[in-house]
Amino acid sequence: MSVTLRARLALLLLALLLPAWACASGVRATLDRSRVQLGETVTLNLSVDSNGNIDMPDLSPLAKDFQVLGSSTNSSISIVNGSRSAQFTIGIALRPKHVGQLKVPSLAVAGGHTSPLLLTVTPPDPNAAANSGKDVFVEASVEPDHGYVGQQLVYTVRLYYDVNLSGSLDEPQLAGVDVHKLGKSLNYDAERGGRQYHVLERRYALVPHHAGTLEIPSLQFQGTADDPSNPMDPGNFFGQNGLFGGGTSVSAASPAVSLHVQAPPADWGSSSWLPARQLTLTLDGLPANGELHVGQPLNLHMSVQASGLPADVLPEPSLPALSGATVYPDRPVDSTSDDGKWMHGKRERAFAVVPQRAGTLTIPATTLKWFNVQSGQAETASIPARSFTVLPATAGASGATPAVSASAAAAPTPATAASAPTSTVAASSHGHVRWWRWIALASLLLWLLSMLGWWWYRRHRGAAKVAVTRVEPVIPAPPATRALREAFMQAARGDDASIQAHALLAWARVERPDLRNLGELSAALSSSAQCAAIAAIQQRQYGGTPAGEGVDMAATFARGFAWRNDTAGGDDSPLPPLYPFDLGSR
């Protein structure tokens, strides 16, 4: 067989296999619960990203530790932003054969393999024997059986029934305790006293506010049951779903549960009390090469994440005041989710750090003290200190054509809006330079003619003393300056801080070409009102604050710039530090 023929056959085989590979990917395996009692069932869900049905995998590896009771399939299709995705799920009901840490082995599904899973199987609850033989009963438990103020506890309620049932189960309501439902209700089967039951399980997060004994009263179930095996009603006409809608009223109540809630340790100190299962503190966006430039913003992202705490109790992430830079924080973003058992809180915030001078910029270490409820010990989450070399502004910042400063470029504004003043300024500058020279020469010629006329008039009047008023000709401002000034005045009447910053800096560079950013412009001005106006523009750019009331940009700069005699400028930023919050750095 020739090489060409072999290549063609290989390509043909690849083309035949591609559709099979493309129809299934992303095989995942999950358990609806990670902890069960012996005799209860658990559902293993096998999910595959697929456009069609998937063959049932080989389940023989499960036979060692589990009894396979049955399976079901489900498919779903979703279209998001025009993108179509499909998922095929196989649900397998399993009953553990013995107590222990059981391993759900990897299974081969649709050309892929699932990851192995662990399931904890405990002995049956000895107290459940009292309920054996009943058609309907309710169990309740709390995990852990003791805790601290502010710690999340898991309250679990299970309704067992062996009849056709309908009704309602109370929700827990406790004074001085935050109650949140966790995940969705679970449905499975369990064995009690040799009898099989259907189980409805609900979980709640309890967060106590006070120390002492927490009493959780019993929850009531009220419903109606019917017996399809009733010999007096073979057609179930008087049952729950029968023609005459009869049935037997049933009720059950969960046992009351009590636990001890401890106060924070007496030596905890003044730090915020954060009892969590796990807590992390991260800072992203730091430059890999350790170098920054003056006026070029550094966009950082800080987040606090905790397991066992909601987001609203976590402190707001913040950076301290930095020497040689100005920090502009964004608004914090909070989110709280749960995995069906534990809450996961997250609070995150973005920052724009704008270096104001060359040298070394140090972001100090940030620490957050928290209490690990699993180990019972205080721990500290920290972000180490980092130092960066700040280089002078890039050469492009002081080019001949006025451009958006590095600080203004960091603002998330539309490209068309930010670039409009640039084209206007450039066109005005290049289009009027030549006219400015002719106007200057014409003004000088008019002044010389005026002086010559005045001298001729004095000479011919002789001894007559006539009061002559000397009129000085007014030399108009260069057209380029006027165009830049008008561009800023037009931007000042709007509310786009990025355009205002660009237009103001371009106007100032005509008089002071060495200015590289708004920080240097503010340091070169002697007017506190103009410095405050620049600070307002920067806060709106990076801090997300709305336009300040009473700040009239056009009126503040109507007479031009109030330059200082000494324009060296200090090292301090003209803005006060914003949000100087230290995350418990004790």
Side-chain angles (χ1 to χ4, degrees), residues 28-37 40-45 47 89 91 117-122 125 138-161 167-190 198-210 214-221 253-259 261 274-280 304-314 334-347 370-374:
R28 296 172 298 279
T30 58
L31 293 170
D32 65 343
R33 294 180 296 158
S34 60
R35 187 182 185 91
V36 299
Q37 294 183 17
E40 297 180 351
T41 61
V42 63
T43 301
L44 172 64
N45 293 308
S47 300
T89 302
L117 304 172
L118 291 179
L119 176 67
T120 301
V121 182
T122 61
D125 184 1
V138 183
E139 294 180 350
S141 61
V142 176
E143 179 187 356
D145 55 6
H146 65 280
Y148 289 87
V149 171
Q151 176 184 348
Q152 183 211 331
L153 310 172
V154 181
Y155 179 60
T156 304
V157 182
R158 300 181 181 92
L159 172 66
Y160 293 78
Y161 58 98
S168 62
L169 180 64
D170 291 346
E171 301 279 340
Q173 297 181 355
L174 303 171
V177 178
D178 289 338
V179 181
H180 305 280
K181 191 173 185 301
L182 295 170
K184 299 180 180 180
S185 300
L186 300 177
N187 293 276
Y188 54 91
D189 294 334
H198 303 295
V199 183
L200 171 67
E201 178 178 312
R202 293 175 179 171
R203 294 175 180 172
Y204 301 88
L206 307 182
V207 182
H209 294 172
H210 310 288
L214 176 61
E215 298 285 351
I216 305 176
S218 63
L219 301 184
Q220 302 292 323
F221 171 78
S254 67
V257 180
S258 64
L259 68 153
V261 179
L274 299 172
R277 298 176 59 82
Q278 186 177 7
L279 189 144
T280 58
V304 183
Q305 302 183 61
S307 174
L309 287 178
D312 55 4
V313 304
L314 298 175
D334 302 342
S335 61
T336 300
S337 59
D338 68 79
D339 57 8
K341 188 172 184 180
W342 303 108
M343 293 187 296
H344 300 281
K346 183 178 182 180
R347 177 164 281 189
W370 64 286
F371 186 80
N372 191 327
V373 296
Q374 299 188 87

request  = Indicate yes or no: at least one non-hydrogen side-chain atom of Val179 is less than 4.5 angstrom from one of Leu206.
outcome  = yes
ask   = So, for Ala306 and Leu279, which heavy atoms are closest and what is the spacing to 0.1 Å?
value = CB-CD1, 4.0 Å
inquiry  = Strictly by side chain to side chain donor-acceptor pair (under 3.5 Å), give each pair with a member in residues 141-156 just once, sequence neighbours left out.
reply    = Glu143-Lys341
request  = Please report the closest heavy-atom contact between Ser254 and Ala140, naming both atoms and the distance.
outcome  = CB-CB, 3.9 Å
key: side chain to side chain contact (heavy atoms under 4.5 Å, CB included) assessment of Leu309 paired with Val207   = CA-CA 9 Å; Leu309 287 178; Val207 182; over 6 Å; no
query = Taking it one step at a time, do Leu200 and Ser185 satisfy side chain to side chain contact (heavy atoms under 4.5 Å, CB included)?
reply = CA-CA 7 Å; Leu200 171 67; Ser185 300; 3.8 Å; yes
query = For Val36 and Thr122, what are the C-alpha separation, side-chain angles and deciding distance, and is it a side chain to side chain contact (heavy atoms under 4.5 Å, CB included)?
reply = CA-CA 6 Å; Val36 299; Thr122 61; over 6 Å; no
inquiry  = So which atom in Trp342 and which in His344 form the shortest heavy-atom distance, rounded to 0.1 Å?
reply    = O-CD2, 3.3 Å
query = Counting distance only, does the side-chain N/O of Thr41 pair as donor-acceptor with the main-chain N or O of Asp189 below 3.5 Å?
reply = yes
request  = Would you mind reporting whether Asp312 and Thr336 have side-chain heavy atoms less than 4.5 Å apart?
outcome  = no
key: Heavy-atom check, side chain of Arg277 versus side chain of Val373, under 4.5 Å   = yes
ask   = Roughly how far, to the nearest 0.5 Å, is the OG1 atom of Thr43 from the CG atom of Asp32?
value = 4.5 Å
request  = May I ask you to check whether over 12 heavy atoms, not counting those of Lys181, lie within 6.0 Å of atom NZ?
outcome  = yes
request  = Could you pull out the closest heavy-atom pair between Pro217 and Leu174, with the gap in Å?
outcome  = CD-CD2, 3.5 Å
query = Which atom names give the shortest non-hydrogen contact between Ala276 and Trp370, and what distance separates them?
reply = O-CZ3, 3.4 Å
request  = Answer yes or no: is there a side-chain heavy-atom contact under 4.5 Å between Met343 and Leu182?
outcome  = yes
query = Regarding Asp178 and His209, is there a side-chain donor-to-acceptor distance under 3.5 Å anywhere?
reply = yes
query = Is Tyr188 close to Val42 at the side-chain level, that is, under 4.5 Å between some pair of heavy atoms?
reply = no
task = Run the salt-bridge test on Glu171 and Arg202 with the 4.0 Å N-O cut-off and return the result as yes or no.
result = yes
ask   = Does the side chain of Val177 come within less than 4.5 Å of Leu153's, by heavy atoms?
value = no
key: More than 12 heavy atoms of other groups within 6.0 Å of Glu215 CD   = yes
remark   = Taking every heavy atom of Ser168 against every heavy atom of Phe221, the minimum-distance pair comes out as O-CD1, 3.3 Å
task = Could you tell me the separation between the CG atom of Asp170 and the CD atom of Gln220, rounded to the nearest 0.5 Å?
result = 6.0 Å
ask   = Heavy atoms, side chains only, cut-off 4.5 Å: are Leu169 and Val157 in contact?
value = yes
ask   = Are the side chains of Arg33 and Leu186 in touch, meaning some heavy atoms are under 4.5 Å apart?
value = yes
